[in-house]
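This report refers to the structure that appears directly beneath it.
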Amino acid sequence: MKKNVQQKIKALDALGKYILAGSEELERVIQTASAHNKWFTQDHVKYALEAIAENYLNEHQLHQWLSSYDLPATTEPRTPQRIAIIMAGNIPLAGFHDLLCVIISGSFALIKQSSKDQYLLPHLLDKLCAIEPVFKNTFEFAEQPLKNFDAVIATGSNNSSRYFEYYFGKYPHIIRKNRNSVAVLSGRETKEELLQLGKDIFLYFGLGCRSVSKLYVPRGFDFNAFLNALAPYETLMMHSGYKNNYDYQRTVLIMNKTPHYASRFLMLQENSALSSPIAMLSYEEYDSLDEVKNTMKSRSEQIQCIVLSAQCPLTMNNAAAFGESQHPRLWDYADGIDTLQFLGFQRKSEITLD
């Protein structure tokens, strides 16, 4: 590994250790972020920070990731590319992986944060620069209109993606739209496994692109047993935003006499859509796993992650185990687009996992 890359890896690992150690200062930032955005509960913010520290800011995993690329002699080119990063605000630190790719590569990050998530990233970058001053010249925060950049990485809704395409289409770009994640169940899951699946469904209130919003279940699936297994997540109803969404969606279903299954905190409706409102899941029944596999292939442009039970024999590139959808690794690129390759680094080998 090249010397200055190793220097950066050591600093990023130290930042991860800072997050995991916790501090009064970090706690105050978490409280501020939570007060600013009601969907960023303190528990969810802490979960996001810990996931980033464990999966991204880890010396061993950073080595595994970067060793598969043909890195240049230095990642500090004389005239680094300026990469505009437009971040989403649906979950805490949604654009962190894009930023990490840019600053580790030697490019310069022009960061446009979401108004929903303004406090966490500046604090982390302040700490990173204190640990390793070489990072001070690798980024800046920008307000609109963005200018003086060479390429764009933008994440948003399907509506905002059309705006991004219009304004940034002439630049090299990655423009990400809405995606959803799904789970494929066998019907033989244990109660403990379904509790783990609950993390994939309910973490961040289902607002992340890696949040499960759709179930594929075998015909004759026991939905009542499924809902009963998820009973510990009823505490979600203590959150006013979640409860308001539940009450509204339940009222609509009842008034329209729409068939559905419901517990005191979650509803399931048979629907071909991949997305679903907060407090609801769509589902489809299947007769064979081949049928599900064909569906996954035909809708691959809309699916971020496929969560599979241990009993499910399907093999999919973007698969995750129950409870792991919100723990992507460094090489689990959003939308399957290799960000480091976009930044000019050639992949020389596949990731070697220990």
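Counting from 1, the numbers follow the sequence of the chain as shown.
With 3.5 Å as the limit, one finds a donor-acceptor pair spanning the side chains of E189 and S309. For the residue pair S157/S160, the side-chain donor-acceptor check at 3.5 Å is satisfied. In summary, the side chains of Q341 and Q346 do not present any donor paired with an acceptor at a separation below 3.5 Å, with no hydrogens or angles considered. Using modelled atom types, one finds no donor on one side chain facing an acceptor on the other under 3.5 Å when comparing E270 with S282.
Ring geometry, F168 versus Y163: the interplanar angle exceeds 60°, so the pair is classed perpendicular (tilted spans 30 to 60°). Using bins of under 30°, 30° to 60° and over 60° for the plane-to-plane angle, the ring pair Y333/W65 lands in the tilted bin. Taking the six-membered ring where tryptophan is involved, the planes of Y18 and H123 are tilted, since the angle between them lies from 30° to 60°. By the 30° and 60° cut-offs, the orientation of the rings of F96 relative to Y56 is parallel.
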Inset, instruction - Using the salt bridge (Lys or Arg N to Asp or Glu O under 4.0 Å) rule, take D98 and R176 through it: C-alpha gap first, then chi angles, then the decisive distance, then the call. - result: CA-CA 12 Å; D98 289 330; R176 301 197 183 99; 2.8 Å; yes

Legend entry - Residues Y233, F202; criterion ring-ring contact (aromatic ring centres under 6.0 Å, His included); working and verdict: CA-CA 8 Å; Y233 292 98; F202 298 117; 4.9 Å; yes

Inset, instruction - Could you walk me through whether I103 and L128 pass side chain to side chain contact (heavy atoms under 4.5 Å, CB included), step by step? - result: CA-CA 11 Å; I103 62 176; L128 182 61; 4.1 Å; yes

Inset, instruction - Quick one: do Y248 and Y246 satisfy ring-ring contact (aromatic ring centres under 6.0 Å, His included)? Show the steps, please. - result: CA-CA 6 Å; Y248 173 78; Y246 175 91; over 10 Å; no

Legend entry - Chi angles and distances behind the ring-ring contact (aromatic ring centres under 6.0 Å, His included) call for Y47, H327: CA-CA 10 Å; Y47 193 101; H327 282 268; 5.3 Å; yes

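L268 and F205 end up in the same hydrophobic cluster when Ile, Leu, Val, Met, Phe, Trp and Tyr side chains are linked at under 4.5 Å. The cluster map of Ile, Leu, Val, Met, Phe, Trp and Tyr, joined by side-chain heavy atoms under 4.5 Å apart, puts I306 and L289 in the same cluster. Linking Ile, Leu, Val, Met, Phe, Trp and Tyr residues whenever their side-chain heavy atoms come within less than 4.5 Å leaves I111 and F164 in two separate clusters.
Here D70 does not pair with K348 in a salt bridge; the nearest charged N to carboxylate O distance is not below 4.0 Å. Ion pairing between a basic and an acidic side chain is recognised when a charged N comes within 4.0 Å of a carboxylate O; E59 and K10 show such pairing. The pair E27-K46 meets the salt-bridge criterion, since a charged nitrogen lies less than 4.0 angstrom from a carboxylate oxygen. Electrostatic pairing of K177 and E301 does not count as a salt bridge here, judged by no charged N lying under 4.0 Å from a carboxylate O.
Qualifying salt bridge (charged side-chain N to carboxylate O under 4.0 Å, His left out) partners for D335, counting only residues two or more places apart in sequence or in other chains: R179.
The aromatic ring centres of F223 and Y261 sit less than 6.0 Å apart.
Note that the CE atom of M267 and the CD1 atom of I254 stand 9.0 Å from one another [nearest 0.5 Å].
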